[in-house]
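Read the structure below first, then the notes.
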Amino acid sequence: MPGVEDNVESVDGVLDAALALSALSCVWGEASGGSLFGMTDREEFGDVVEFEDFVIKLLVIDQLMKEGAVVPPHPTAHKWLEATRGIDPHEVDDLIYDTYAHKRIPEIEQWARDLELDRAQVSLVQRLVWDGGIEIFMLIAASWDGEDDLFDPRTWVDVTPERFPMLESVVYVEPFEDDVRRALEDAGVTLRHV
């Protein structure tokens, strides 16, 4: 789009570029029957992305946390429970290591479920990593040891080249559906099973 690159150096230029992209997406969406960059009418640029599998959403949240694009209200499960329940550290330990031993802590899980991720955020994710020790898993289930299926994805259908155009690699534990695997491999995404 002429002139957009020239204005990006200033804050006004960034706003102008965003508005130009928004206008372009509207025009493109109308001309292409509502599909821009593989998005459906329901999931246009900037709209909230819905996930069929909550664990896939957690992998996205984890990457966005690493990039500083998502910041949880509290840095650890301990701090979260102290703040939200108004209890001392010993009571928090009892909750984490007894009541919620190897389980998801309800209020932290609910925060993640309620967190709205928009198309722009999701489209910039370059890597999805399933590992038993990733930050979001340890936030939601602080005493989880990674030895059960608490965070195993049921399906990978959310992970598509259209939804993740910048995706370069996926580290995964559960097998991909064949069509998902083929689409990602065709898009040049590196897949590594752990």
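One is the number of the first residue; the rest follow in order along the sequence.
A187 pairs by the side-chain contact (heavy atoms from CB on, under 4.5 Å) definition with P161, V189, not counting sequence neighbours. Residues satisfying the salt bridge (charged side-chain N to carboxylate O under 4.0 Å, His left out) test with R127, not counting sequence neighbours, are none.
Side-chain contact check for I96 versus H78: some heavy-atom pair is nearer than 4.5 Å. Using a 4.5 Å heavy-atom threshold, the side chains of V122 and R163 count as touching.
Nearest heavy atoms, P153 versus E174: O-CG, 3.6 Å. Across all their heavy atoms, L117 and Q121 have their closest contact at CA-OE1, 3.3 Å. The two residues H74 and A83 come nearest to each other via the heavy atoms CE1-CB, 3.3 Å. The shortest non-hydrogen separation linking L139 to T76 is CD1-C, 3.6 Å. A pairwise comparison of heavy atoms in M138 and A77 identifies O-CB, 4.4 Å as the closest pair. In this structure, E50 and D158 approach most closely via the heavy-atom pair O-OD1, 4.3 Å.
A distance of 5.0 Å separates CG of L81 from CD1 of I105, quoted to the nearest 0.5 Å. L167 contributes atom CG, which lies 12.0 Å from atom CG of L124 (distance to the nearest 0.5 angstrom).
Annotation: salt bridge (Lys or Arg N to Asp or Glu O under 4.0 Å) contacts involving residues 79-102, sequence neighbours excluded, comprise R85-E107. For the salt bridge (Lys or Arg N to Asp or Glu O under 4.0 Å) condition, the pairs that include at least one residue of residues 137-156, sequence neighbours left out, are D53-R154. Under the side-chain hydrogen bond (donor to acceptor under 3.5 Å, both in side chains) criterion, the residue pairs touching residues 175-184 are T155-E177, Y172-R181, R181-E185, with sequence neighbours excluded. For residues 142-168, the ring pair (Phe, Tyr, Trp, His ring centres under 6.0 Å) pairs, not counting sequence neighbours, are F137-W144, F137-F151, W144-F151, W156-F176. Residue pairs meeting the ring pair (Phe, Tyr, Trp, His ring centres under 6.0 Å) criterion with at least one partner in residues 85-111, sequence neighbours excluded, are W80-W111.
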>> Let's go through W130 and V173 carefully: what are the C-alpha distance in whole Å and the side-chain angles of both, what is the deciding distance for side-chain contact (heavy atoms from CB on, under 4.5 Å) to 0.1 Å, and is it a yes or a no?
In response: CA-CA 7 Å; W130 188 101; V173 61; 3.5 Å; yes
>> Run the side-chain contact (heavy atoms from CB on, under 4.5 Å) test on L184 and V159 for me, step by step, so that the C-alpha distance in whole Å, both residues' side-chain angles and the decisive distance to 0.1 Å come before the verdict.
In response: CA-CA 8 Å; L184 292 172; V159 184; 3.9 Å; yes
>> For a side-chain contact (heavy atoms from CB on, under 4.5 Å) check, start with the C-alpha distance between V180 and V157, then their side-chain angles and the critical distance, and finish with the verdict.
In response: CA-CA 6 Å; V180 173; V157 297; 4.3 Å; yes
>> Checking L150 against R104 for the side-chain contact (heavy atoms from CB on, under 4.5 Å) test, could you report, in this order, the C-alpha distance in whole Å, the side-chain angles of both residues, the deciding distance, and whether it holds?
In response: CA-CA 8 Å; L150 185 65; R104 297 176 184 176; 3.9 Å; yes
Got a list of side-chain donor-acceptor pairs under 3.5 Å for residues 54-71, not counting sequence neighbours?
| residue | atom | partner | partner atom | Å |
| --- | --- | --- | --- | --- |
| K57 | NZ | A112 | O | 3.0 |
| K57 | NZ | R113 | O | 2.8 |
| K57 | NZ | L115 | O | 2.6 |
| D62 | OD1 | E135 | N | 3.2 |
| D62 | OD1 | I136 | N | 3.0 |
| D62 | OD2 | K66 | NZ | 3.4 |

